[in-house]
There are 2 protein chains.
Amino acid sequence: MPEQPVRARLVDVARVAGVSKATVSKVLNGRQDLSVRPETRQRVHEAAESLGYRPHSGARALAGASTHALALLVPALANPTYVTIARGAYQRARELGYLSLLAEDFDGQEADESFNDLVQEGRVDGLLIASARPGHPLLDALSRSPVPHVFLNRSVEGSGRNVTMDVARSSVTALDHLHSLGHQAVGHIAGPPGITPSEDRKQAFLQHAEKLGLAAAPVASGDFTEDGGVAATLELLRATADGSRPPVTAIYTSSLAQAIGAMGAILKLGLRIPEDISVVGNDDLPIAGHLVPPLTTVAMPLYELGTAAVDALVAAIEGAPMGDVVVPTEPHLVLRGSTARPEGAS
Amino acid sequence: MPEQPVRARLVDVARVAGVSKATVSKVLNGRQDLSVRPETRQRVHEAAESLGYRPHSGARALAGASTHALALLVPALANPTYVTIARGAYQRARELGYLSLLAEDFDGQEADESFNDLVQEGRVDGLLIASARPGHPLLDALSRSPVPHVFLNRSVEGSGRNVTMDVARSSVTALDHLHSLGHQAVGHIAGPPGITPSEDRKQAFLQHAEKLGLAAAPVASGDFTEDGGVAATLELLRATADGSRPPVTAIYTSSLAQAIGAMGAILKLGLRIPEDISVVGNDDLPIAGHLVPPLTTVAMPLYELGTAAVDALVAAIEGAPMGDVVVPTEPHLVLRGSTARPEGAS
DNA sequence: CAGCTTCAGTCAACCGGTTTCCTTGAACGG
DNA sequence: CCGTTCAAGGAAACCGGTTGACTGAAGCTG
């Protein structure tokens with residue numbers, strides 16, 4: 001049997017290349033505190049290649065070097081927004097020689113577990129945290145045993161390690177669009193209170209609504225889910241129940257799922273989209289184009305958020321000073337069929 | 001400064017408990033090849049507890065023991081189906097003392113990378129593979145350096161390590177429902193060819209359609225995405241374009257995304273759901289209830305699939321013989337608004 | 001009471017890398 | 001011609017666990 005299931009180890013490479021373990025290690029890690037003949041370097045690389053050598057991550061981590069792994073903590077994997085972010089993070093990490101692991105953190109329930117399993121057990125060098133919120137257990141754990149980390153999407157004020165998008169701009173973009181169509185009463189469905197991107201989006205919405213001189217700009221809060229969208233929509237349209245005209249002619253939501261819930265609720269009330277109510281969602285994902293009517297959304301640079309967060313984290317791991325980062329790509333409107341001039345507008 | 005960021009190590013626990021490293025290791029790992037006084041055992045546990053001791057996974061792995069980590073490879077994270085499976089896997093793994101890592105495997109592109117990063121570098125003890133398909137590079141890598149693994153959802157024939165659900169039953173359930181409503185011409189949107197659960201579902205559909213004596217049971221294939229659903233729907237309804245009656249009065253899809261695409265396409269053709277065409281999807285997720293009309297689906301035991309796969313894998317890692325497993329929970333119908341009696345039925 | 005078990009744990013090697021400090025031979029300067 | 005320096009690479013300690021072989025003391029046996 002030509003069984004050869006044994007992993008090649010550093011010594012194997014060393015033997016084949018005719019040098020010592022130390023030399024192989026230094027060459028493969030590209031350390032310049034050692035001078036080697038180009039010819040030797042070459043031999044080492046060839047030997048490693050031919051043996052299919054892969055350093056054992058555990059041994060590496062033990063020896064004081066890094067694990068070359070990061071972990072991304074997201075609050076809800078079922079939210080495809082985070083999947084897009086995760087993809088960006090994964091790709092960029094890979095380009096930088098890191099492995100990005102993905103973990104779901106059900107709003108704190110799993111945070112401590114994840115922290116223990118991943119950080120305390122030395123599996124990762126740093127954390128990408130997309131699930132932060134005030135009072136989150138992770139913040140506590142991080143202050144007790146600090147580990148390189150960045151907060152993305154949901155920021156932590158004053159941490160100096162936030163990687164975010166220009167969410168204020170997304171509110172402006174959505175409102176400008178609706179305003180230009182002639183809407184004067186626009187409702188906003190915000191996320192749960194206390195979560196930064198949600199608060200920022202809401203503030204920007206209110207400010208810009210005032211600046212545009214909208215007649216009404218009510219806000220309702222709800223979870224980022226379909227159900228949250230339904231509840232908030234009913235709240236915004238409450239006056240409708242008695243048969244009078246709806247108090248708003250357009251709704252701008254914080255998440256795609258909320259928009260889906262909102263659309264369902266609006267149609268169930270017997271109102272039409274976009275004739276009676278226009279809807280604008282946040283985040284552009286394939287499903288948006290397949291809803292009926294297709295959903296107009298503000299596309300956020302989610303993938304870039306992932307890459308930028310990894311850039312920042314890796315820089316921090318390698319000792320660079322940290323600072324807040326805002327992804328430069330601007331949100332932009334993806335026009336579909338869920339928005340139109342309000343009836344009765346000139 | 002009360003800085004104490006140093007992780008507690010095995011020796012620290014040993015010192016506090018007043019015993020040797022070896023004893024601590026054996027006690028904490030619950031090995032019975034060692035006899036200890038209950039009192040000593042107690043001291044060790046208390047010491048570990050008070051120091052917040054967590055074994056370094058790398059050191060552990062190096063010393064020949066396991067890493068206590070698994071990896072789940074899914075073909076598309078954006079498909080919430082896999083998120084549900086992942087949750088089941090994560091929870092069950094945790095109960096068994098393992099950590100379940102999640103990796104996306106874009107149909108083979110990332111498989112080798114993941115395999116290298118996770119298996120070759122010794123980060124995990126085993127693999128849960130949900131992304132298998134014929135000719136997948138992973139199958140090759142696995143035969144070269146075998147690692148404990150199971151295939152879930154998508155099986156690999158003859159591997160003897162498949163963990164699946166009763167997908168045939170889901171076709172039967174869907175068809176029985178439609179047949180009982182009076183539908184005689186039901187179309188099926190299958191997944192891409194060669195992927196097992198898709199093939200099985202299709203076979204079961206055709207067989208049961210024949211058994212029920214349906215007048216027509218056309219099948220169209222498409223990706224598991226919304227776009228795949230649109231294309232397949234247009235194919236099934238092609239005859240409609242000329243204004244004649246649609247060739248089918250109901251459509252049963254392989255995935256939720258396909259169903260969403262199908263609904264969009266049907267409505268865009270000017271047909272009504274469910275009056276003109278009934279739609280039944282597969283997999284029940286929150287969004288299904290928020291579509292307009294709400295989607296009737298066959299709920300598959302996804303979470304259980306995740307737990308069962310972990311059970312099988314961990315058993316395999318611990319040396320038990322493997323065999324194919326079918327999750328016992330049966331698919332069941334979730335009745336919503338997208339199905340009704342066909343018009344013209346008695 | 002010597003010898004044999006059993007109990008309760010200890011010793012030390014080992015896993016596969018990384019890193020610090022050395023060694024060695026050759027070239028070079030004076 | 002001899003001491004220095006430098007390029008090129010090697011030896012060995014160490015990281016934090018695990019594990020099988022081993023040991024001292026107590027208990028049992030005859």
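To find a chain, count down the sequence lines: A is the first, B the second, and so on, and within it residues start at 1.
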Looking only at N and O atoms, is any donor in the side chain of A:Lys26 or the base of C:dG17 less than 3.5 Å from an acceptor on the other one? no
Between the CE atom in A:Met300 and the OG1 atom in A:Thr164, the distance rounded to the nearest 0.5 Å is 9.5 Å
For B:Asp117 and B:Arg123 the tightest heavy-atom approach is O-NE, 3.1 Å
Evaluate the criterion side-chain contact (heavy atoms from CB on, under 4.5 Å) for residue pair B:Arg60 and B:Thr67; output intermediate values, then yes/no. CA-CA 7 Å; B:Arg60 229 179 187 183; B:Thr67 63; over 6 Å; no
What distance do B:Arg144 atom CZ and B:Phe115 atom CZ have between them, rounded to the nearest 0.5 Å? 7.5 Å
Residue pair A:His45, A:Val27: steps toward the side-chain contact (heavy atoms from CB on, under 4.5 Å) verdict: CA-CA 8 Å; A:His45 279 120; A:Val27 167; 3.8 Å; yes
Reported OG1-to-CG distance for the pair B:Thr23 and B:Leu28, which is rounded to 0.5 angstrom: 10.5 Å
Can you find a side-chain donor-acceptor pair between A:Glu46 and A:Gln42 that sits under 3.5 Å? yes
Short of 4.0 Å, heavy atom to strand atom, which residues of residues 52-60 of chain A count as contacting DNA chain D? none
Steps toward side-chain contact (heavy atoms from CB on, under 4.5 Å) verdict (B:Ile317, B:Tyr98): CA-CA 11 Å; B:Ile317 287 173; B:Tyr98 283 77; 3.8 Å; yes
Contact residues, residues 14-21 of chain B to DNA chain C [heavy atom, < 4.0 Å]: B:Val19, B:Ser20
Ignoring backbone atoms, establish whether B:Thr23 has a side-chain N or O less than 4.0 Å from OP1 or OP2 of C:dT10. yes
Go through residues 28-42 of chain B and report each residue with a non-hydrogen atom lying under 4.0 Å from DNA chain D, sorted by number. B:Asn29, B:Arg31
Rounded to the nearest 0.5 Å, what's the gap from OG1 on B:Thr84 to OH on B:Tyr303? Could you check? 10.0 Å
Quick one: CG on B:Leu96 to CG on B:Asp311, what's the gap to the nearest 0.5 Å? 6.0 Å
What is the separation between atom CG on B:Leu62 and atom P on D:dG16, rounded to the nearest whole Å? 12 Å
Rounded to the nearest 0.5 angstrom, the CG-CZ distance for B:Leu51 and B:Arg9 is 10.5 Å
Does B:Arg43 make a side-chain N or O approach to OP1 or OP2 of C:dA8 shorter than 4.0 Å? no
Selected nucleotide, minimal atom distance to A:Ala22 side chain, candidates D:dG10, C:dG17, C:dA12: D:dG10
